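Please read all numbers here as calculations on a predicted model, not as lab measurements.
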Amino acid sequence: MITLLKWRHTASREFYISERSFTGPLTTPTHMHDFYEFLIIIDGSMSHIRNGKISLLEKNSLTLIFPDDEHFYKLNQDQSTLFINVEFSRKLFHKVVSAHSASTESNQEVWKNKSKILPAALCQAIKSRINFLLSDEIILTGINERNILMGILFDCLTYLQNSNSDEHQAPF
């Protein structure tokens, strides 16, 4: 079962944020998109099959999905997961990558097929900013949503690039 708990998109449609829960048994359809997305697992776990490679996404996992990635999710009978999904335009991603590359001398291939467990404090900070974007308070403050999201993306890319931990492989 798939449940959409919260969601928001900008008027420009540059990004879409949602909080969802999945309950197994569940296998989503295999799909690709014309945008980038990242997921952060809030609670539980699920298997993510991307380009034929299986990864186990656990609590605090961060994964970045490229437009050309063919992927789907699978949960067994006893699995459930709660996660935040952020989808963003190619234009926005390339703007963040350009700024990131200028400060780190990296290219986007360093993030391809990456899934990492975020340190608890960093995960909480990212979740707090995402929850702010999901709240009505963001509208009242007049703060530019795009700038907040760009900061979140920058932090995620930095961690994925600099993390020495291995990707979590699901057991076969």
Asker: Provide the closest heavy-atom pair for Leu4 versus Arg20 in the form atom of the first, atom of the second, distance.
Answerer: CD1-CG, 3.9 Å
Asker: Pro119: what forms a side-chain contact (heavy atoms from CB on, under 4.5 Å) with it, not counting sequence neighbours?
Answerer: Leu122, Tyr159
Asker: Going by heavy atoms in the side chains, are Ser61 and Ile117 under 4.5 Å from each other?
Answerer: yes
Asker: Are Leu62 and Ile126 close enough that some pair of their side-chain heavy atoms sits under 4.5 Å apart?
Answerer: no
Asker: Enter the distance from Leu92:CG to Met150:CE here, rounded to the nearest 0.5 Å.
Answerer: 6.0 Å
Asker: Any sub-3.5 Å donor-acceptor pair from Asn51's side-chain atoms to Glu70's backbone N or O?
Answerer: yes
Asker: Counting neighbours of NZ on Lys59 that are heavy atoms of other residues, nucleotides or ligands and sit closer than 6.0 Å, is the number greater than 12?
Answerer: no
Asker: Applying the ring pair (Phe, Tyr, Trp, His ring centres under 6.0 Å) criterion to Phe66, which one of Tyr36, Phe88, Phe38 satisfies it?
Answerer: Tyr36
Asker: Give, for atom CG of Asn85 and atom CH2 of Trp7, the distance between the pair rounded to the nearest 0.5 Å.
Answerer: 13.5 Å
Asker: Which value, rounded to the nearest 0.5 Å, describes the distance between Ile42 atom CD1 and Asn131 atom CG?
Answerer: 7.5 Å
Asker: Distance from Leu149 atom CG to Tyr16 atom OH, nearest 0.5 Å?
Answerer: 14.0 Å
Asker: Looking only at heavy atoms, which two atoms of Gln79 and Ser45 are closest? And how far apart?
Answerer: NE2-OG, 3.1 Å
Asker: Hydrophobic clustering (ILVMFWY, side-chain heavy atoms < 4.5 Å, transitive) - are Leu5 and Val86 grouped together?
Answerer: yes
Asker: His48 vs His71 aromatic rings, parallel, tilted or perpendicular, using cut-offs 30° and 60°?
Answerer: perpendicular
Asker: Do the side chains of Asp34 and Pro67 get nearer than 4.5 Å, heavy atoms only?
Answerer: no
Asker: According to the interplanar angle, ranging from 0 to 90°, do the rings of Tyr73 and His31 count as parallel (below 30°), tilted (30 to 60°) or perpendicular (above 60°)?
Answerer: tilted
Asker: Any chain of hydrophobic side-chain contacts (each under 4.5 Å) joining Ile17 to Phe154?
Answerer: yes
Asker: Identify the two heavy atoms, one from Leu134 and one from Lys6, that lie closest to each other, and give their separation to 0.1 Å.
Answerer: CD1-CD, 4.1 Å
Asker: Closest approach of Lys127 and Asn60, non-hydrogen atoms and distance?
Answerer: NZ-OD1, 4.4 Å
Asker: With distance as the sole test, does Ser55 use its side chain to make a donor-acceptor pair with the main-chain N or O of Ser47 at under 3.5 Å?
Answerer: no
Asker: Taking side chain as C-beta onward, heavy atoms only, is Leu64 less than 4.5 Å from Leu157?
Answerer: yes
Asker: Working note: Ile130 + Glu19, criterion side-chain contact (heavy atoms from CB on, under 4.5 Å); need CA distance, chi angles, decisive distance, verdict.
Answerer: CA-CA 10 Å; Ile130 289 172; Glu19 185 176 297; over 6 Å; no
Asker: When you group the ILVMFWY residues by side-chain heavy-atom contacts below 4.5 Å and let the links chain together, are Ile2 and Leu39 in the same group?
Answerer: yes
Asker: Following the transitive rule for hydrophobic clusters with a side-chain heavy-atom cut-off under 4.5 Å over Ile, Leu, Val, Met, Phe, Trp and Tyr, establish whether Phe35 and Phe72 coincide in one cluster.
Answerer: no
Asker: How many angstroms lie between atom CD of Glu37 and atom CZ of Phe15, to the nearest 0.5 angstrom?
Answerer: 15.0 Å
Asker: How close do Leu75 and Ser80 get, counting heavy atoms only, and between which atoms?
Answerer: CD2-CA, 3.7 Å
Asker: At what distance, to the nearest 0.5 angstrom, does CG of Asp43 lie from OG1 of Thr81?
Answerer: 7.0 Å
